[in-house]
There are 2 protein chains.
Amino acid sequence: MATIKEVAQRAGVSIRTVSRVLNDNPYVADATRECVLRVIQELDFRPSAAARYMRTGQSQLIGFLTDELAQNAFSYDLIIGAQQTAWERQKLLFLLNTGNDPHVERRAINMMRDHQVEGIIYATMYHREIIRSQFPEDIPVVLVNCFADDRSLPSIVPDEIGGGRLATETLLNQGHRRVGFVNVAAQEPAPLGRMAGYRQALANYGIPFDAALVRFIEEPFEGLATSTYDCVLSLLEMDDPPTAIFCFNDMMALGAYDAVRKSNLRIPEDVAIIGYDNVEILAAQIHPPLTTIELPNFEMGRLAVRMLLGEAGSIQDGRPGQHMIECPLIVRGSV
Amino acid sequence: MATIKEVAQRAGVSIRTVSRVLNDNPYVADATRECVLRVIQELDFRPSAAARYMRTGQSQLIGFLTDELAQNAFSYDLIIGAQQTAWERQKLLFLLNTGNDPHVERRAINMMRDHQVEGIIYATMYHREIIRSQFPEDIPVVLVNCFADDRSLPSIVPDEIGGGRLATETLLNQGHRRVGFVNVAAQEPAPLGRMAGYRQALANYGIPFDAALVRFIEEPFEGLATSTYDCVLSLLEMDDPPTAIFCFNDMMALGAYDAVRKSNLRIPEDVAIIGYDNVEILAAQIHPPLTTIELPNFEMGRLAVRMLLGEAGSIQDGRPGQHMIECPLIVRGSV
DNA sequence: CTGAAAGCGCTAACAA
DNA sequence: TTGTTAGCGCTTTCAG
């Protein structure tokens, strides 16, 4: 690879002039600039980012750390959103999946520091709280899908309550009055929030909460669809069965579909189903296509980069911004 | 961030000595080493990768370029496999998705060169041929899921023929003699190869090829599951219907499931179904769980990094290695 | 075993 | 408008 020196020699100018051309400095004669540019082309010269960084302190690098995000299919859009936004700003993204191993995590953060990333985005697979102290003080961090115990780091999370409410109200809007909810039994923001949203929606419509309509899948969560199948079957066998079911996520909706079909009922005529997450590969392909609430992953990834670069509210009212992103309704054919 | 100079001063030694400690050079007195190490700890010092690169020429960086891989759910494991393998070798991975835009691609490659990546992995969404000239000569490249027109770049692709054969023989092994195949109508390695494998398997079992059992889904490929549904329905309405169906991919198997159920038949008792890709979120969740052929993405990602770093056959018989990876059978409950 | 000094490729004061 | 020079933080001869 050619160096700036070779370019300078070949163009018959000084290194500084080449540097000027490289950085669009106006104080270069047009003729000189053209000549230099030509030589740069000929030599296929590209300035070294490392050397440039040494002087400017701008590495143009962003670290994207995940706990186990990338093991599952939900979050492509998060990565894509972040990557694309970084790209638009001429930054490169380091991807690193820690597998939730604290040791790996610590080393990963160090490795990113070694490469002087301008900041780190830390995204978790599930919406949860994390410990602030695992992150260094001297480097910007933006949290995605999680938040710091002491709220001392800017964070972006989905609005679970709003999403739960939207899902339920979508069903209520269609005239359903007996709305089942198949939730997961975990003390985490997602199940807790969606549950709260479910209750709010009921309250908004003046419908009393009926605990018999709410079911919880217990851990472990493998075979989620199958557990949901059983759950929904029992729901439909009630004396006063629900005519609509809100499933905690799309995978579970798959089980609900099977249960409804098993009961010789039709979707959405006899039972309406709504999911959560908008996993396209599932939701758009099953029959009828699943109406669901979208986890706005792309937007979250995008916002994370913007916040990291100081473009958007990484600080709000003098404190690290805690952003809640709305989860929109995706209408397909199951409601 | 502390510099090596500050460490040296504080430890009362020269920069050179700190550098020795950093690089595990044996010619340091134990006492000196300990002292330096302690100061490094105190200052939370980390050597700058950029500065280090300037001297050593080792950037420890690998570029991972995708066309539109990351838009779909198939390929997490590819990224994870590559990332994890890079991590084990203390390397960092740049992720960059080009959206198949040649202009973006060119700029992306340049950007990676600016950061002096040690090599580039280029992975495509679909198994296909690519043009060699889009890549620079002076930087190692490994192709994944694609191959260069002139075979001048090392490449890793799945063995489509073997996979198609394995899928079909799995069905044949169970005693099925009328095996349907729902393929996609595209002149690409995947549909072509799996078709060839299907025919080979038939031949191996001495069963004549019956064109009526093979159907092709035409582009566009949105609503793949739905098109497959229609296809399989017509297959099952034949006078001499198939008792087993090989679907080009798992999403299509989803449509096949619906068609079988619609025909009041059972899986696998009346009709066996086998898919391809092993998209866990689908295959493991539907009922019955789908037996399928796995695209060994993790292994391909892993091998790509190893080849890039010269650990595995990037050169075979003096030519760039063209590797074909076997696609294993994943037995679940649909056959 | 340890240190002084050169230099990697670039940018930025400062001079010319 | 252009060139000279110092220096970013590190590794590496080469002396001591």
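Just the heavy atoms: all of them, side chains too, but no hydrogens, waters or symmetry mates, feed the values below. Letters A, B, ... mirror the listed sequences (proteins, then strands); counts begin at 1.
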Point to revise | Any donor-acceptor N/O pair under 3.5 Å between dG7(C) base and Arg55(B) side chain | key: yes
Check your understanding: Is a donor-acceptor contact shorter than 3.5 angstrom present between the side chain of Arg20(B) and the base of dT2(C)?
Key -> yes
In this structure, how many angstroms lie between the [atom2] atom of [N] and the [atom1] atom of [X], rounded?
| X | N | atom1 | atom2 | result |
| --- | --- | --- | --- | --- |
| Arg113(B) | dG9(C) | CZ | C1' | 16 Å |
| Ile15(A) | dA12(C) | CD1 | C1' | 13 Å |
| Arg16(B) | dC10(D) | CZ | P | 14 Å |

Check your understanding: What's the spacing between Asp44(A) CG and Arg113(B) CZ if we round to 0.5 Å?
Key -> 4.0 Å
Point to revise | Interatomic distance, Phe45(B) atom CZ to Ile40(B) atom CD1 [nearest 0.5 angstrom] | key: 6.0 Å
Check your understanding: Start at the 5' end of DNA chain C and walk down; is the nucleotide closest to Ile4(A) or to Arg33(B) reached first?
Key -> Arg33(B)
Exercise for review: From the options dT2(D), dC1(C), dA4(C), select the nucleotide whose nearest atom is closest to the side chain of Tyr27(B).
Suggested key: dC1(C)
Review point. Which nucleotide in the list dT11(D), dC10(C), dG3(C) gets nearest to the side chain of Val13(B)?
Key: dG3(C)
Check your understanding: Is there a donor-acceptor pair closer than 3.5 Å between any side-chain N or O of Asn23(B) and the backbone N or O of Asn25(B)?
Key -> no
Review point. More than 12 heavy atoms of other residues, nucleotides or ligands under 6.0 Å from CG of Asp30(A): is that the case?
Key: no
Review point. Looking across every strand, which nucleic acid part, if any, lies under 4.0 Å from Ser48(A) by heavy atom: base, sugar-phosphate, or nothing?
Key: sugar-phosphate
